[in-house]
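Reviewing the structure listed below.
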Amino acid sequence: MSLEEFSKSHEIVIGLEVHAQLTTDFKLMSPASNRFGKSPNSSVSSVCTGMPGALPVLNQKAIEMAVKTALALHCKIQSPNVFSRKHYFYPDLPKGYQISQYDLPYAKSGRVEFYLEGQKRSVGLQRIHMEEDAGKNLHFGDQGISLVDLNRSSVPLIEIVSEPELRSADEAGAYLRALRRVLRYLEVCDGNMEEGNFRCDANVSIRKQGETRLGTRVELKNINSFRNLERAIQNEALRQWDLLKQDKLVVQETRSWDANENLSRSMRSKEEAADYRYFPEPDLLPLSLSDDWIENRRKALPELPLDRMERFMKDFERSAYDAEVLTSSKQLADYFEEIALPLKDYSLASNFIQTTVLASLQDVEKGLEDFYPDAPALTELLQELKQGKLSLNMAKEVFEEMKTSRQPASKIISEKGLSQVNDDSILRSCVKTVIQNHPAQLEQFKAGKDKLFGFFMGQCQKELKGKGNPATLKALLEEELKQS
Ligand code: ADP
Ligand code: MG
């Protein structure tokens with residue numbers, strides 16, 4: 001049973017629900033700090049612990065971040081919007097309800113745009129709403145106890161809900177990456193799936209090709225990486241297809257993805273909205289946002305990743321692929337731009353960054369913060385390369401040295417005596433000497449053993465201690481061999 005076979009007659013339909021944790025200093029409804037370390041229950045107030053009579057107070061910074069995100073995603077801001085209580089019982093939720101938004105969320109419609117295999121795609125959003133997070137249960141099986149940590153209680157989240165418009169695991173991955181990039185450019189969310197501050201549930205159904213009605217969906221939870229998102233979706237599509245082939249029905253339910261076993265397990269049958277007994281939160285007024293306030297937030301938006309990517313394609317003549325890599329983080333895009341503009345050789349800057357620089361960065365997001373060579377220092381190095389004073393290999397050697405010693409290129413070049421020999425007369429006399437010293441190889445070369453060209457090049461570079469300009473040397477060697 002393969003996905004390839006499946007795709008001949010069926011298609012996957014996916015809608016994603018993404019929870020993004022906002023990077024505010026304080027929590028959404030509580031004065032407790034939102035920047036806490038590991039020590040459990042160290043960052044809680046009476047609101048987080050659900051003490052009777054404790055009143056929630058909205059954090060304006062969280063609302064600003066949420067609105068900025070919605071505007072960047074082309075949503076319509078709804079004002080007034082309303083907070084509601086979503087009731088359920090769980091030990092990590094002492095109040096017995098979560099404050100969320102239900103029928104009147106703060107943002108509606110909107111879209112996420114991205115490129116997939118060079119093609120531009122646009123996927124609609126149903127809504128974005130604000131809500132508080134719940135705490136966390138910690139289970140210590142060997143001691144037979146479970147403990148509750150309320151540090152996460154009332155942490156501000158936004159839930160971004162897509163239309164069921166995604167059609168493959170790859171597309172879902174591209175959507176999620178693009179969405180994360182927007183959040184990171186806006187500096188409203190760290191976007192780290194492994195750390196749980198950017199979480200994604202995938203709703204998956206399948207249907208025959210050409211069918212317009214939606215099939216029964218299954219909600220997959222516990223997806224903690226991009227790789228797992230893609231694997232979980234493919235696995236679920238095949239599981240549903242198998243059921244249909246046996247004339248069984250797909251049950252609407254919530255399943256938990258197990259990354260180790262590479263399969264999902266049923267958690268519960270899908271709860272209905274009525275089960276949560278939603279009603280408007282009586283302790284918070286409906287939230288009114290004036291048009292002026294919203295417009296000012298819109299004007300203050302930075303250049304967004306997709307706009308920047310398209311600008312790089314146009315102004316710096318990059319392919320969609322190159323432009324996407326170079327704009328994968330705001331820091332990297334700034335770095336490229338600060339180098340490419342003064343260097344005036346966009347391909348050189350783009351290639352050197354994508355191969356050499358990115359290879360030495362573990363984490364592109366954080367990696368550039370105190371990375372050396374910084375933009376001016378790398379520009380200086382690439383100028384030497386552009387002017388032919390260094391070969392590419394030499395430039396890479398200098399780059400490695402710059403990284404560890406944090407010294408400018410000029411200093412390393414002069415200390416190591418690393419400058420390329422470009423002088424035609426020096427190169428030509430070296431070529432002549434090498435040919436004269438290897439008469440046997442010359443005979444064989446002339447008899448048709450073309451491979452020996454590399455041998456002559458090698459001998460010349462040996463004489464020149466590897467510093468001969470390779471292109472000039474090659475041209476001169478060809479010329480001299482012909483005349484010998
Ligand atoms: P809930 O909040 O109960 O999970 P929603 O109606 O808000 O339900 O839908 C959540 C997500 O499910 C949305 O992203 C939506 O696009 C997606 N979805 C709805 N129906 C389907 C379906 N038949 N197949 C795939 N995804 C679906
Ligand atoms: Mg859901």
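Residue indices begin at 1 and follow the sequence shown. Keep in mind that the numbers below use all heavy atoms, side chains included, and drop hydrogens, waters and symmetry copies. Ligands are counted one by one from 1 in listed order, and the atoms in each one are counted from 1 as well.
Between R308 and E337, at least one side-chain N (NZ, or NE/NH1/NH2) sits under 4.0 Å from a carboxylate O, which counts as a salt bridge. Using a 4.0 Å cut-off between a side-chain N of Lys or Arg and a carboxylate O of Asp or Glu, E303 and R311 qualify as a salt bridge.
Atom numbering of ligand 1 starts at 1 in the shown order; those under 4.0 Å from a heavy atom of V161 are 13 (C), 14 (O). Heavy-atom proximity to E163, at under 4.0 Å, picks out these atoms of ligand 1: 16 (O).
Just one residue in the list Q246, R239, K245 forms a side chain to side chain donor-acceptor pair (under 3.5 Å) with D242, and that residue is Q246. Evaluated for a side-chain contact (heavy atoms from CB on, under 4.5 Å) with P156, the options D133, V188, L58, N34 yield exactly one hit, N34.
Checked by distance only, ligand 1 and T216 stay at 3.5 Å or farther apart across all their nitrogen or oxygen atoms. Between P164 and ligand 1, at least one pair of N/O atoms sits closer than 3.5 Å. Looking at ligand 1, you'll find an N or O of G215 within less than 3.5 Å of one of its N or O atoms.
Nearest to atom 26 (N) of ligand 1 by heavy atom, out of V250, N203, V218, L16, is N203. Summarising the contacts of atom 6 (O) of ligand 1 with H129, Q252, R217, E17, the nearest heavy atom is found in R217.
Proximity of Q126 to ligand 1 is established by a heavy-atom distance of less than 4.0 Å.
Heavy atoms from other residues, nucleotides or ligands lying under 6.0 Å from NZ of K248 number 12 at most.
At a heavy-atom distance under 4.0 Å, only side-chain atoms of R127, from C-beta outward, approach ligand 1.
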Stepwise side chain to side chain contact (heavy atoms under 4.5 Å, CB included) test for Y175 and R180: CA-CA 9 Å; Y175 164 94; R180 181 172 72 163; over 6 Å; no
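In this structure, the ring of F312 has its center less than 6.0 angstrom from the ring center of F336.
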